[in-house]
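Worksheet for the structure shown next.
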Number of protein chains: 2
Amino acid sequence: MNQLIEHIKRFIEIDDAESAIILSYFEEKSYPKKTQLLEEGQICTTQYFILKGCLRLYIINDKGNEQTLQFGIENWWITDYMSLQTQHPTHFYIQTVENSQVMAIRKDALDDLLGKVPKMERYFRLILQKSYAASQMRIKFLYTQSAEERYHHFNSVQPEFVQRIPQYMLASYLDFSAEFMSKIRAGKV
Amino acid sequence: MNQLIEHIKRFIEIDDAESAIILSYFEEKSYPKKTQLLEEGQICTTQYFILKGCLRLYIINDKGNEQTLQFGIENWWITDYMSLQTQHPTHFYIQTVENSQVMAIRKDALDDLLGKVPKMERYFRLILQKSYAASQMRIKFLYTQSAEERYHHFNSVQPEFVQRIPQYMLASYLDFSAEFMSKIRAGKV
DNA sequence: CAAAAAACTTGAACTAGTTCAAGAAAACGT
DNA sequence: ACGTTTTCTTGAACTAGTTCAAGTTTTTTG
């Protein structure tokens, strides 16, 4: 069975007919590593469900450095919800970190789908509630832990993921410099 | 008309019968300033829609200082979504910053309501999408702006709100010390 | 309105994390 | 397998923001 349908069934009940309708609104796509799916200044039109691989959402700061704000892996959704919602130009970049496979759905297709299969409102509500809850916790950690604590905490919660991505990307996600990451890892802090 | 119903009507269409059903699941409450609605270690059971006043969600850090993670004012929802979802003990405190009036709905009541009026799934999806979008932007600002920039930015976007709350609470929300806030305001930075 | 409590200010000493620059090690494409 | 690119490391100098302690101002309350 399709991996997205499996994921949806973890949250709501759908039958085969509904599954087929749902899938008809999505496009399955594969992208090589480092493919840009969204760039600053564009209008975000698409939401991605990750089947395989890893994507990230990042910005380029004043000094020209990339700062990763979010990672997405298997069975996570990723998009710039602000630009998607307002249809204003985005401040973000979305890029594949590994060769990746996604199910993509465009904003207008999603609107149609929600009209056809209103149950999906519930699925997305639950997804967003989970994401927002995670985001509240993320802010908690950013506010209370030191750089070193954030690193050790992340490492203990997501050890396999740490192996998958360049350290400098993780450093920027945890909001410290790549050099400082090196020093933490070497125990020189 | 009830302020919550008005707010819901900004997102979905509901008739008078539905409005009445919806309201029957809520309890309208008034709390004086500094009332604790949630404390660390408790299980979060309730979601609040703010009619009047101001609430905040905060933590107490290792040094025993309060750090505000979120403010809520008129027409915003506030709760600890993680504890609400998992029914595990919360890490957070929720407190009224001003004398406040809220519409409170308990987790089980919300589940019933969503069964009775499935349209409300859409309302909450849209609310959560807005909240999550705001949270993505919040993290962007935290990652790219200096303390001083965060203060000036917040001040330019929410000037009236800055007048309503103690500066030390705003300082902790913007993730710097009350003393540093003083220095920014005095232009001594 | 007086007293107490809450909020704000100031300066000096400090520190967690940054920046820069250069070199070393891995990973990758052909 | 070799050269190129990407990623990681190291140390020295620096800085944005913290901490502490004490004093001042503002707000609240009986």
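- Both B:Asn65 and A:Pro166 lie close to DNA chain D; mapped to their nearest nucleotides by heavy-atom distance, the more 5′-ward contact belongs to A:Pro166.
- Ring planes of A:Tyr48 and A:Tyr31: perpendicular class, angle over 60° (limits at 30 and 60°).
- For the atom pair CD of B:Gln87 and OG1 of B:Thr45, the computed distance is 7.5 Å after rounding to the nearest 0.5 Å.
- Aromatic ring pairs are classed by plane angle as parallel below 30°, tilted from 30° to 60° and perpendicular above 60°; the pair B:Tyr123 and B:Phe11 is perpendicular.
- Aromatic ring orientation, B:Tyr132 versus A:Tyr81: perpendicular (interplanar angle above 60°, classes split at 30° and 60°).
- Set against D:dT9, D:dT18, C:dC8, the side chain of B:Phe176 has D:dT18 as its closest nucleotide.
- Under 4.0 angstrom from either OP1 or OP2 of D:dT18 there lies no side-chain N or O belonging to B:Lys183.
- Relative orientation of the B:Tyr173 and B:Phe71 rings is tilted, given thresholds of 30° and 60° on the angle between their planes.
- As rounded to whole Å, 7 Å separates atom P of C:dT9 from atom CD of B:Gln167.
- Summarising the geometry, the separation between CG on A:Leu170 and C1' on D:dT7 is reported as 14 Å, rounded to the nearest angstrom.
- The side chain of A:Lys34 has D:dT7 as its nearest neighbour among D:dC8, D:dC20, D:dT7.
- Rounded to an integer number of Å, the gap from B:Tyr143 OH to C:dG17 P is 13 Å.
- Between the C1' atom of D:dT10 and the CZ atom of A:Phe180 lies a distance of 14 Å, rounded to the nearest Å.
- The separation between B:Glu98 atom CD and D:dT28 atom C1' is 15 Å, rounded to whole Å.
- Here the P atom of nucleotide C:dA27 and the CZ atom of A:Arg164 are 16 Å apart, to the nearest Å.
- For A:Arg185, a side-chain nitrogen or oxygen approaches OP1 or OP2 of D:dT9 to under 4.0 Å.
- The residue among B:Ala186 and B:Lys33 whose nearest nucleotide of DNA chain C is located toward the 5' end is B:Lys33.
- When distances are taken from the side chain of A:Lys63 to each of C:dC8, C:dT19, D:dT28, the shortest belongs to C:dT19.
- Considering only the side chain of B:Glu179, D:dT19 comes nearest among D:dT19, D:dT18, D:dT28.
- Looking at heavy-atom distances under 4.0 Å, A:Tyr168 makes contact with sugar-phosphate atoms alone, never a base.
- In this structure, B:Asp175 and A:Ala178 both approach DNA chain D, and ranking their closest nucleotides by distance from the 5' end singles out A:Ala178.
- Counting to the nearest Å, the P atom of D:dA16 and the CZ atom of B:Arg150 are 13 Å from each other.
- Computed from coordinates, the B:Glu148 CD to D:dT18 C1' distance equals 16 Å when rounded to whole Å.
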